[in-house]
Undergrad: 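Before anything else, here's the structure in question.
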Amino acid sequence: MSKNFDVVVIGGGPGGYIAAIRAAQLGFNTACIDEWKNEKGGPAPGGTCTNVGCIPSKALLQSSEHYEHASHGFAEHGIEVKGLGLNLDKMLGRKNTVVKQNNDGILYLFKKNKVTFFHGRGSFVKGDANGYDIKVAGAAEETITAKHVIVATGSNARALPGVPFDEQLILSNTGALAITEVPKKLGVIGAGVIGLEMGSVWRRLGAEVTVLEALPAFLGAVDEQIAKEAQKLLAKQGLNVSLGVKIGEIKAGKKGVTVEYTDSKGDAQKGEFDKLIVSIGRTPNTIGLNAEGIGLKLDERGFIAVDGDCKTNLPNVWAVGDVVRGPMLAHKAEEEGVAVAERIAGQHGHVNFNTIPWVIYTSPEIAWVGKTEQQLKAEGVQYKAGTFPFLANGRARALGDTSGMVKFLADAKTDEILGVHIVGPMASELIAEAVVAMEFRASAEDIARICHAHPSLSEATKEAALAVDKRALNF
Ligand code: FAD
Ligand code: NAI
């Protein structure tokens, strides 16, 4: 096997494995190094996303939603369920199977595209514009060479100072996805994406969940109207979220975890929990890369410093995904991976940061692309808004899921769509239309004039676009 490659990718998460496949498609002799191990010590490419992120969380969100429907939702459809039970072992087992299918899928894709896969840790030994020596420390140790290196080493969960994760009582996302008995009382610190998704999973399965959030506003980055609606809906389901808290001492004992905190009124509070999830953001992972040794520049927050094209300070060394600036999202990592491979090939790879969609997979889902109303106000942009509630959508009524709305924001003069925000059923799928529209710089009227299938949730998107011009038809 040749050990001299045109492109070596360090990290096999969505940023890395996609970059490797695209580089191979473009004709480069490509290798991808990933160190993630499955429970048997074997390779498990796919990174955080596949192993302890997007995929397992969505598997559990789906299973727990089925359970909740069976417990509370089926009755109104005239379906009577007797003797309903929860087999958590089986649910977790299914989640692990879904993860493994994805790991195996990536190994298959490497073979199909002739990407050489190395299982182990990659680190820089030496190099310059002519090429780099990369040490691979796996079952054996070897050194390979690369003309171009793409670093895609991802991120790790951030711990609270002095409160390390033990994954038994104090859980990061890894432990939160593998609790073997539904806790009676579950504490969550941080009402961000992980806090709300994992909080929803365990609440649906029967835990009493308390989410403690430092900021005074719920989902501050989300359009305020949508965030308020989501907060109301999640509270109605029984997810207790306390905003504006200040976390004090956290003690893990034999029986559980005690969290002392000050509430938004300044009163001292104490929470007693069986388990505590800490989801307060993630930090870039550059451990073991020998970044310092090779002179790879990090920024002040520890991310690999890159320019708009994902170029680092070292010639022919690129970095993509969670380890560089920008949103920590799998699809952002993938887009950067593709763009870098194309740039190496002399093409004009491009990532449009204005049209990266966000989805929070709560129920109902929250999804958005582009600017929020508060951002447009702050930027002094003149805009028009149109909203349409799912309550007035026939398909939503038939589904029995009429919560939430679609909201369009368009330029007051040109009618160009500036942002689309959804809280409601299948928002994760509906947002794709808005992304396409914004990518093609469509106007709200363009969407309003397009024929949407009836009855479908997407009619709510069309109606919200019509509402921008105050001419919604069904509301
Ligand atoms: P990673 O996926 O972190 O992959 C990096 C890989 O590099 C890992 O396999 C790691 O082992 C390996 N590695 C690191 N250093 C080395 C080295 N020196 N040598 C060899 N290998 C190395 N995003 C979404 O878009 N949608 C979601 O629904 C979503 N859900 C999430 C749920 C949770 C619970 C979490 C934690 C995250 C979620 N994310 C989601 C975020 C998403 O997982 C990340 O944005 C994405 O995984 C980043 O991809 P990456 O390739 O940059 O890094
Ligand atoms: P996050 O940034 O989404 O949320 C962290 C929350 O914790 C914030 O609201 C923050 O104000 C709060 N916080 C920070 N310090 C705190 C403290 N000391 N006390 C109380 N609250 C505190 O981060 P999270 O949820 O850990 O997720 C990490 C990233 O993973 C996300 O930003 C996202 O990029 C990605 N992700 C994406 C998902 C998706 O796309 N559906 C799902 C899950 C994660």
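What you see below is based on every heavy atom in this structure, not just the backbone, and it leaves out hydrogens, waters and symmetry mates. Numbers for residues simply follow the sequence, beginning at 1. Numbering of ligands and ligand atoms starts at 1, following listing order.
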Undergrad: Does the distance from a Lys or Arg side-chain N to an Asp or Glu carboxylate O, for Asp6 and Lys147, drop under 4.0 Å?
TA: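 Result for this pair is no, no salt bridge flagged.
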
Undergrad: Among all protein heavy atoms in this structure, tell me which lies nearest to atom 4 (O) of ligand 2, with the distance rounded to 0.1 Å.
TA: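 The protein heavy atom lying closest is Gly192 CA, 3.2 Å.
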
Undergrad: As a quick check of understanding, evaluate side-chain contact (heavy atoms from CB on, under 4.5 Å) for Lys251 and Glu249, giving each step before the final call.
TA: CA-CA 7 Å; Lys251 278 194 214 133; Glu249 199 178 2; 3.5 Å; yes

Undergrad: Go through ligand 2 atom by atom and flag the ones less than 4.0 Å from a non-hydrogen atom of Ser279.
TA: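 Going through ligand 2 atom by atom, the ones under 4.0 Å from Ser279 are 5 (C), 6 (C), 7 (O), 25 (O), 26 (O).
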
Undergrad: Counting non-hydrogen protein atoms only, what is the nearest one to atom 2 (O) of ligand 2? Give residue, atom name and distance.
TA: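 Of every protein heavy atom, Gly281 CA, 4.2 Å lies nearest to atom 2 (O) of ligand 2.
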
Undergrad: Consider only side-chain N and O atoms of Asn290 and Ser123, and report whether a donor and an acceptor are under 3.5 Å apart.
TA: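 No, because no side-chain N or O of Asn290 sits under 3.5 Å from a partner of the opposite role on Ser123.
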
Undergrad: Does Ala330 approach ligand 1 within less than 4.0 angstrom via side chain, backbone, both or neither, non-hydrogen atoms only?
TA: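 Both backbone and side chain.
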
Undergrad: Please list, in number order, the atoms of ligand 2 under 4.0 Å from a heavy atom of Tyr361.
TA: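 Those qualifying, in numeric order: 41 (N).
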
Undergrad: Check each of Cys49, Pro327, Gly12, Ala176 against atom 43 (O) of ligand 1 and report the one with the nearest heavy atom.
TA: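 It is Cys49 whose heavy atom sits nearest to atom 43 (O) of ligand 1.
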
Undergrad: Can you figure out which of Glu35, His331, Lys58 has its heavy atom closest to atom 21 (N) of ligand 1?
TA: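 Heavy atom nearest to atom 21 (N) of ligand 1 belongs to Glu35.
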
Undergrad: Residues in side-chain hydrogen bond (donor to acceptor under 3.5 Å, both in side chains) with Thr362, at least two apart?
TA: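 Listed in chain order: nothing, the list is empty.
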
Undergrad: Please verify whether a non-hydrogen atom of Pro327 lies at under 4.0 Å from ligand 2.
TA: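 In this structure, Pro327 fails to qualify as a contact of ligand 2 - no heavy atom is under 4.0 Å.
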
Undergrad: Does Val323 have a heavy atom less than 4.0 Å from any atom of ligand 1?
TA: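 So Val323 does not count as touching ligand 1.
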
Undergrad: Can you sort out which atoms of ligand 1 are near Gly120, meaning under 4.0 Å from one of its heavy atoms?
TA: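 In order of numbering, the contacting atoms are 19 (N), 20 (C).
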
Undergrad: Taking N or O atoms only and a 3.5 Å limit, does Ile360 qualify as a polar contact for ligand 2?
TA: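 No.
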
Undergrad: Please evaluate residues Asn156 and Ile287 with respect to the criterion side-chain contact (heavy atoms from CB on, under 4.5 Å), reporting the C-alpha separation (whole Å), side-chain torsions for both, the decisive distance (0.1 Å), and the verdict.
TA: CA-CA 10 Å; Asn156 293 316; Ile287 303 162; 4.0 Å; yes

Undergrad: Counting only heavy atoms, tell me which of Lys58, Lys332, Met328 gets closest to atom 33 (C) of ligand 2.
TA: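 Comparing heavy atoms across Lys58, Lys332, Met328, the nearest one to atom 33 (C) of ligand 2 lies in Met328.
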
Undergrad: For atom 10 (C) of ligand 2, what's the nearest protein heavy atom and its distance?
TA: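 Its nearest protein heavy-atom neighbour is Glu213 OE2, 3.5 Å.
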
Undergrad: With a 4.5 Å cut-off on side-chain heavy atoms, are Asn38 and Asn51 touching?
TA: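 Heavy-atom side-chain distance check fails, nothing below 4.5 Å.
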
Undergrad: Tell me whether ligand 1 is touched by Arg282 - counting only heavy atoms on the residue side and a distance under 4.0 Å.
TA: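 The answer is yes, since Arg282 has a heavy atom less than 4.0 Å from ligand 1.
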
Undergrad: Heavy-atom distance under 4.5 Å between the side chains of Glu336 and Val324, does that happen here?
TA: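 With C-beta onward as the side chain, the pair touches.
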
Undergrad: So if I count the atoms of ligand 2 from 1 in the order they appear, which ones are less than 4.0 Å from some heavy atom of Leu160?
TA: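 Atoms satisfying the 4.0 Å criterion: 18 (N).
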
Undergrad: Take every heavy atom of Val193, measure it against each atom of ligand 1, and state whether any distance is under 4.0 Å.
TA: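 No, that is not the case, since the closest heavy atom of the residue is not under 4.0 Å from the ligand.
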
Undergrad: List ligand 2 atoms under 4.0 Å from Ala214, heavy atoms only on the residue side.
TA: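 Those of ligand 2 that fall under 4.0 Å from Ala214 are 19 (N), 20 (C), 21 (N), 22 (C).
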
Undergrad: Counting heavy atoms only, name the option from Cys54, Cys32, Gly53 that's nearest to atom 39 (N) of ligand 1.
TA: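 Among Cys54, Cys32, Gly53, the closest heavy atom to atom 39 (N) of ligand 1 belongs to Cys54.
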
Undergrad: From the options Arg158, Arg282, His331, select the one whose nearest heavy atom is closest to atom 30 (O) of ligand 2.
TA: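 Nearest heavy atom to atom 30 (O) of ligand 2 lies in Arg282.
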
Undergrad: Could an N or O of ligand 2 be found under 3.5 Å from any N or O of Glu197, whether backbone or side chain?
TA: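 Yes, at least one N or O pair falls under 3.5 Å.
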
Undergrad: Can you find an N/O atom of Ile247 closer than 3.5 Å to an N/O atom of ligand 2?
TA: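 No - when backbone and side-chain N and O of Ile247 are compared with those of ligand 2, no distance drops under 3.5 Å.
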
Undergrad: Could you walk me through whether Ser458 and Glu433 satisfy the side chain to side chain donor-acceptor pair (under 3.5 Å) test, starting with their C-alpha distance in whole Å, then the side-chain angles of each, then the deciding distance to 0.1 Å, before giving a yes or no?
TA: CA-CA 9 Å; Ser458 71; Glu433 179 182 6; 5.2 Å; no

Undergrad: State whether the number of non-hydrogen atoms from other residues, nucleotides or ligands found under 6.0 Å of Glu142 atom CD is greater than 12.
TA: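 Correct, the count exceeds 12.
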
Undergrad: For Leu109, which of Val115, Ile18, Ile21 qualifies under side chain to side chain contact (heavy atoms under 4.5 Å, CB included)?
TA: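 Result: among Val115, Ile18, Ile21, Ile21 is the only option passing the side chain to side chain contact (heavy atoms under 4.5 Å, CB included) with Leu109.
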
Undergrad: Hey, looking at atom 14 (C) of ligand 2, which of Ile280, Ile194, Val188 has the closest heavy atom?
TA: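 That would be Ile280.
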
Undergrad: List the closest protein heavy-atom neighbour of atom 38 (C) of ligand 2: residue, atom name, distance to the nearest 0.1 Å.
TA: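 Answer for atom 38 (C) of ligand 2: Val193 CG1, 3.2 Å.
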
Undergrad: Suppose I only count heavy atoms of Leu212 and a 4.0 Å limit; which atoms of ligand 2 are within that range?
TA: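 Counting atoms of ligand 2 from 1, those under 4.0 Å from Leu212 are 20 (C), 21 (N).
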
Undergrad: So that I can tick it off, tell me whether Arg22 and Glu342 are bridged by a salt bridge, with the cut-off set at under 4.0 angstrom between side-chain N and carboxylate O.
TA: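 Yes, this pair counts.
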
Undergrad: Kindly assign one of parallel, tilted or perpendicular to the pair Phe5 and Phe118, based on the angle between their ring planes and the thresholds 30° and 60°.
TA: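 Perpendicular, since the angle between the ring planes exceeds 60°.
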
Undergrad: Search all heavy atoms of Glu224 against all heavy atoms of Gln374 and return the closest pair with its distance.
TA: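 Shortest heavy-atom separation between Glu224 and Gln374 comes out as N-OE1, 3.1 Å.
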
Undergrad: Look at atom 51 (O) of ligand 1 and say which protein heavy atom is nearest, naming residue and atom and giving the distance to 0.1 Å.
TA: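 It is Gly15 N, 2.9 Å.
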
Undergrad: For ligand 2, which atoms have a heavy atom of Leu215 less than 4.0 angstrom away?
TA: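 Contacts of ligand 2 toward Leu215, numbered from 1: 11 (O).
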
Undergrad: Minimum distance, heavy atoms only, to atom 3 (O) of ligand 1: which one of Leu61, Thr48, Ile287, Leu177 is it?
TA: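 Looking at heavy atoms only, Thr48 sits closest to atom 3 (O) of ligand 1.
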
Undergrad: Ligand 2 and Leu329, any nitrogen or oxygen pair closer than 3.5 angstrom?
TA: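 N/O-N/O distance below 3.5 Å does not exist for this pair.
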
Undergrad: When you measure from the heavy atoms of Ala157 to every atom of ligand 1, does any distance fall below 4.0 Å?
TA: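 No, Ala157 has no heavy atoms under 4.0 Å from ligand 1.
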
Undergrad: Looking at Arg203 and Glu208, is there a salt bridge between them, counting it only when a charged N and a carboxylate O are closer than 4.0 Å?
TA: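 Result for this pair is no, no salt bridge flagged.
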
Undergrad: If you measure from each heavy atom of Ser123 to ligand 1, is any distance below 4.0 Å?
TA: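 No heavy atom of Ser123 comes that close to ligand 1.
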
Undergrad: Give yes or no for whether the N/O distance cutoff of 3.5 Å, strictly under, is met between Asp322 and ligand 1.
TA: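 Between Asp322 and ligand 1, an N or O pair is found under 3.5 Å apart.
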
Undergrad: With a cut-off of 4.0 Å, which atoms of ligand 2 are near a heavy atom of Val359?
TA: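 Reading through ligand 2 atom by atom, the close ones are 39 (C), 40 (O), 41 (N).
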
Undergrad: Show the atoms of ligand 2 that are less than 4.0 angstrom away from any heavy atom in Ile189.
TA: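 In order of number, 19 (N), 20 (C).
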
Undergrad: Just to check, does Tyr17 reach to within less than 4.0 Å of ligand 1 when the distance is taken from its heavy atoms?
TA: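 Distance cut 4.0 Å: Tyr17 fails for ligand 1.
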
Undergrad: Under 3.5 Å, is there a donor on one side chain and an acceptor on the other for Asn285 and Thr283?
TA: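 No, Thr283 and Asn285 have no side-chain donor paired with an acceptor closer than 3.5 Å.
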
Undergrad: How are the rings of Phe117 and Phe110 set relative to one another: parallel (under 30°), tilted (30 to 60°) or perpendicular (over 60°)?
TA: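 Parallel.
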
Undergrad: As a test of understanding, state which of Lys232, Gln231, Gln225 forms a side chain to side chain donor-acceptor pair (under 3.5 Å) with Glu229.
TA: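 Exactly one candidate clears the test, Lys232.
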
Undergrad: With side-chain contact (heavy atoms from CB on, under 4.5 Å) as the test, would you mind laying out the steps for Lys407 and Glu373 before giving the verdict?
TA: CA-CA 10 Å; Lys407 173 172 178 176; Glu373 203 165 341; 2.4 Å; yes

Undergrad: What pair of heavy atoms forms the shortest contact from Ile250 to Ile170, and how long is it?
TA: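 Closest heavy-atom pair between Ile250 and Ile170: CG2-CD1, 4.0 Å.
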
Undergrad: Got the closest protein heavy atom to atom 7 (O) of ligand 2, with its distance?
TA: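 That would be Gly190 CA, 3.3 Å.
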
Undergrad: Would you sort out whether Val188 and Val209 count as a side-chain contact (heavy atoms from CB on, under 4.5 Å), showing the intermediate values?
TA: CA-CA 7 Å; Val188 179; Val209 180; 4.0 Å; yes

